[in-house]
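Note sheet for the following structure.
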Amino acid sequence: MLSREMNELLTRVGPGTRMGDLFRRYWLPAVLSEEISEPDGPPVRVRLLGEDLVAFRDSAGQVGLLDAHCPHRRAPMFFARNEECGLRCVYHGWKFDVGGNCVDLPSEPPDSVFRAKVNIAAYPTWEGGGVVWAFLGPRAELPPLPAYEWLRAPDSHRRVSKTLENANYLQALEGGIDTTHSSFVHNNDLGDSGRLKSRNTHPRLDVEPTRYGFRYAGIRSLGQDRTYVRAYQFFMPAMQMRAAFLDGSGEPRETPTLRGHIWVPIDDQWTMVYNWVCSATADTPISDKMWERHEKAAGRGEDDFIPGTYRLKRNLSNDFLIDREMQRARTYTGIVGLNTQDFAVQEGMGPVCDRSQEHLGTSDKAIIAARRMLREALDDVADGRRPLGTDTEELRLVRPAEAILEGSLPWQEAMKDLLMAQW
Ligand code: FES
Ligand SMILES: [Fe+2]
């Protein structure tokens with residue numbers, strides 16, 4: 001449980017809030033590269049940490065992320081002309097480059113020096129892993145570029161998508177790092193008691209702080225000295241990695257993968273969830289077919305989105321199309337799609353969950369650790385220190401893993417090699 005004040009502190013992300021300032025110390029996904037694939041193509045709207053922006057790719061292929069409103073009289077830059085290395089406001093023709101400099105001001109006399117005094121707010125961007133990352137903080141605090149292992153895999157071995165969620169980022173993040181819920185909410189075959197996560201529904205949790213966040217493991221005893229260990233990585237401020245090396249019954253998968261989410265706050269009530277999958281080995285690229293199957297199982301198949309948006313058709317307004325007969329006979333929730341099931345419980349809490357009403361148990365250890373870490377990072381920023389995970393190389397070197405272990409060697413030892421980045 002959190003006090004109302006602490007809940008407010010951890011969930012408010014707009015300009016001038018403490019959590020907003022913390023998020024502004026990290027590189028964050030702004031759009032998928034594919035959304036602005038063409039030079040001089042249409043700009044797209046971006047809302048990030050409560051700020052309205054537009055992203056575009058200029059004639060030279062450089063990406064810009066600018067204020068959504070023109071500095072002249074605030075016309076929407078979404079309607080702008082993207083031409084000859086800049087975005088030109090359609091109201092009076094003022095034009096800005098990716099750095100936010102005014103490069104043409106045709107509504108003023110040719111000898112005017114006004115142009116030198118005008119610019120539009122612009123944020124630095126970097127492209128990697130099919131994602132355009134942005135830094136919204138003070139330039140003096142610019143951290144090294146994102147260096148997670150999955151960003152180094154070739155395109156053939158990695159995919160990424162995104163989904164819009166009507167919930168505060170912390171709700172989504174807490175759902176993602178809650179390993180216990182998969183025994184329940186994601187049980188899509190009530191008749192199958194051999195499923196690894198059904199054989200033991202009360203994993204023990206080990207949480208270990210690191211220089212980038214923490215790593216933690218859900219440890220399920222399978223009897224006779226055998227344990228099923230899922231080891232995860234949590235990166236500040238809002239990214240998690242998990243491994244899918246085994247199938248539901250514990251057999252090795254044909255294509256072992258690393259998977260993850262980044263929960264990017266759009267504002268206090270909305271989150272853009274970036275979903276990525278990366279092959280764990282160079283031998284196994286991610287085929288189109290496998291990616292389609294993965295997205296479909298998650299509830300993000302092509303037909304699952306409201307056309308032209310990143311919002312799922314199954315959403316809170318229609319109770320996620322819950323099928324009570326399916327729930328009675330076949331699946332735990334009666335809701336189709338693994339991540340749709342997550343959205344149902346997370347959005348159903350209300351856009352900003354009131355954590356003063358909750359009762360945490362032993363299964364919530366990783367969630368408690370994440371909250372503590374975020375709180376400490378708020379203090380770091382307030383005291384002028386660099387927050388956790390902004391100046392470490394260690395995050396390059398790690399990956400998540402899962403395995404069935406025999407004997408008494410601790411998982412940290414037994415899985416040491418599995419937990420090291422291979423890309
Ligand atoms: S409002 Fe954009 S040029 Fe005038
Ligand atoms: Fe889940």
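All values derive from a computational prediction rather than experimental measurement. Just follow the structure's listing: the first ligand is 1, and inside any ligand the first atom is 1.
Checked against the 6.0 Å centroid threshold, Tyr148 and Trp276 do not count as a close aromatic pair. Ring to ring, Phe23 and Tyr169 are close: their centroids are under 6.0 angstrom apart. Not less than 6.0 angstrom separates the ring centroid of Tyr216 from the ring centroid of Phe234.
Salt-bridge formation is detected for the pair Arg74/Asp67: a Lys NZ or Arg NE/NH1/NH2 atom is positioned less than 4.0 Å from an Asp or Glu carboxylate oxygen. The pair Asp52-Arg45 fails the salt-bridge criterion, with no side-chain N (NZ, NE, NH1 or NH2) lying under 4.0 Å from an Asp/Glu carboxylate O.
Using cut-offs of 30° and 60° on the angle between ring planes, the pair His186 and His181 is perpendicular.
At the top of the distance list for atom 1 (S) of ligand 1, counting protein heavy atoms only, stands Arg73 N, 3.3 Å.
Listed by number with element, the atoms of ligand 1 under 4.0 Å from a non-hydrogen atom of Ala75 are 1 (S). The Trp94 neighbourhood of ligand 1 comprises atoms 3 (S), with distances under 4.0 Å to a heavy atom of that residue.
Checking His72 against atom 4 (Fe) of ligand 1, an N/O/S atom falls under the 2.8 Å cut-off. Put simply, Cys89 stays out of reach of atom 4 (Fe) of ligand 1, with no N, O or S atom under 2.8 Å from it. Residue side and main chain included, Asp342 places an N/O/S atom under 2.8 Å of the Fe ion (ligand 2). For Cys70, the nearest N, O or S atom to atom 2 (Fe) of ligand 1 falls under 2.8 Å.
Closest N/O/S atom of His92 to atom 4 (Fe) of ligand 1: ND1.
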Apply salt bridge (charged side-chain N to carboxylate O under 4.0 Å, His left out) to the pair Asp267 and Arg47, showing each step before the final yes or no.
-> CA-CA 8 Å; Asp267 53 31; Arg47 188 165 159 80; 2.9 Å; yes
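Rounded to 10 degrees, the NE2-metal-NE2 angle spanning His186 and His181 at the Fe ion (ligand 2) equals 100°.
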